[in-house]
Amino acid sequence: MALFVVEFLQGDNYMKYLIILIIMFIFSNKIYAEDKFVTLENYIASNDLNDSAAFYYVISRCGGLYTYYAALTYSKSPETSKNYNSFTAKLAIVGSTLRMKEGIDSEKARNDIMSNIENTTKLYFDHSEKHYTRTGSNISDEMKSDSMYCKEITEIFVK
């Protein structure tokens, strides 16, 4: 491939350079597009929340989002952070209960939901870091949208 590029570039034709730049642009956009953050809105629109696996995923995502918010608010508002952690704990109970209804023992169910929440927390931290680098804000529109759905789910399923 490199030999082809070197041979291709020999000569004074600026069109060759333009074609290579266009190809590089296409590939760089494809790489960026693959890193797209799927919002809960999009996930819920294409999945039935009556399916326990889909509902479990949403609970995990909300737990991860709340854990992220708890970490983000801890230094400036410990009480707010505590509230987010409380929501996460309650969602973890809902998630582990859901798994136990499927025949999973309680310890494995608890470990599974906590692992999923931890992984989704990392997802939100990574997304937030990229968003902050681009905009100077920690909270993206996607995260705001997810917050809306998580608030609704928490109000309905967490007492």
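Distance check: Glu142 CD to Leu40 CG gives 11.5 Å after rounding to the nearest 0.5 Å. The CD atom of Glu152 lies 11.5 Å from the OG atom of Ser147; values are rounded to the nearest 0.5 Å. Here the NZ-OG1 distance, from Lys151 to Thr154, works out to 9.5 Å after rounding to the nearest 0.5 Å. With rounding to the nearest 0.5 Å, the separation of OH in Tyr124 from NE2 in His131 is 13.5 Å. Residue Thr135 holds its OG1 atom at 9.0 Å from CG of Asp141, rounded to the nearest 0.5 Å. The distance from the OG1 atom of Thr97 to the CD1 atom of Ile59 is 9.0 Å, given to the nearest 0.5 Å.
With sequence neighbours left out, the side-chain contact (heavy atoms from CB on, under 4.5 Å) criterion links Asn119 to Ser115, Lys122. By the side-chain contact (heavy atoms from CB on, under 4.5 Å) test, Glu41 is found to be paired with Thr39, Ser145, Tyr149, residues two or more places apart in sequence or in another chain being considered. Legend: residues meeting ring pair (Phe, Tyr, Trp, His ring centres under 6.0 Å) with Phe125, ordered by chain and number and at least two apart, are Tyr68. With sequence neighbours left out, the side-chain hydrogen bond (donor to acceptor under 3.5 Å, both in side chains) criterion links Asp51 to no other residue. Residues passing the ring pair (Phe, Tyr, Trp, His ring centres under 6.0 Å) test with Tyr43 are Tyr57, sequence neighbours excluded. Applying the side-chain contact (heavy atoms from CB on, under 4.5 Å) test to Ser52 and every residue at least two apart in sequence or in another chain returns Leu98, Glu102. Evaluation of the side-chain hydrogen bond (donor to acceptor under 3.5 Å, both in side chains) rule for Thr80 yields Ser77 as partners, not counting sequence neighbours.
A pairwise comparison of heavy atoms in Arg99 and Ala109 identifies CB-CB, 3.7 Å as the closest pair. The two residues Ser81 and Ala70 come nearest to each other via the heavy atoms OG-O, 2.7 Å. Nearest heavy atoms, Ala92 versus Ile117: CB-CD1, 4.0 Å. Taking every heavy atom of both residues into account, Ser140 and His127 meet most closely at OG-NE2, 2.7 Å. Shortest non-hydrogen contact noted between Ile113 and Gly95 is CD1-CA, 4.0 Å.
A salt bridge is defined here as a Lys NZ or Arg NE, NH1 or NH2 lying under 4.0 Å from an Asp or Glu carboxylate O, and Asp126 with Lys130 fails to meet this definition.
For residues 50-153, the disulfide (SG to SG under 2.5 Å) pairs, not counting sequence neighbours, are Cys62-Cys150. Screening residues 82-107 for ring pair (Phe, Tyr, Trp, His ring centres under 6.0 Å) gives Tyr66-Tyr84, Tyr66-Phe87, Tyr69-Tyr84 as the qualifying pairs, with residues at least two apart or on separate chains. Counting only residues at least two apart or in different chains, disulfide (SG to SG under 2.5 Å) contacts with residues 82-114 are absent. Residue pairs satisfying the disulfide (SG to SG under 2.5 Å) criterion with at least one member in residues 67-112, sequence neighbours excluded, are absent. Judged as a salt bridge (charged side-chain N to carboxylate O under 4.0 Å, His left out), the pairs with a partner in residues 52-68 (not counting sequence neighbours) are, in order, Arg61-Asp146.
Hydrophobic clustering (side-chain heavy atoms under 4.5 Å, transitive across Ile, Leu, Val, Met, Phe, Trp, Tyr) keeps Ile93 apart from Ile156. In the hydrophobic clustering of ILVMFWY residues, with side-chain heavy atoms under 4.5 Å counting as a link, Met148 and Leu123 come out together. Tyr132 and Leu65 fall into different hydrophobic clusters, where Ile, Leu, Val, Met, Phe, Trp and Tyr residues are linked whenever their side-chain heavy atoms come under 4.5 Å apart, directly or through other members. Met114 and Val94 fall within the same hydrophobic cluster, where Ile, Leu, Val, Met, Phe, Trp and Tyr residues are linked whenever their side-chain heavy atoms come under 4.5 Å apart, directly or through other members. Following chains of ILVMFWY side-chain contacts shorter than 4.5 Å, one cannot reach Tyr56 starting from Met100, and the two form parts of different hydrophobic clusters.
Looking at Ser60 and Thr120, their side chains never bring a donor and an acceptor atom within 3.5 Å of each other.
Within the 3.5 Å criterion, the main-chain N or O of Glu129 finds a donor-acceptor partner in the side chain of Thr133.
Residues Leu72 and Ile139 meet the side-chain proximity criterion, which asks for heavy atoms closer than 4.5 Å.
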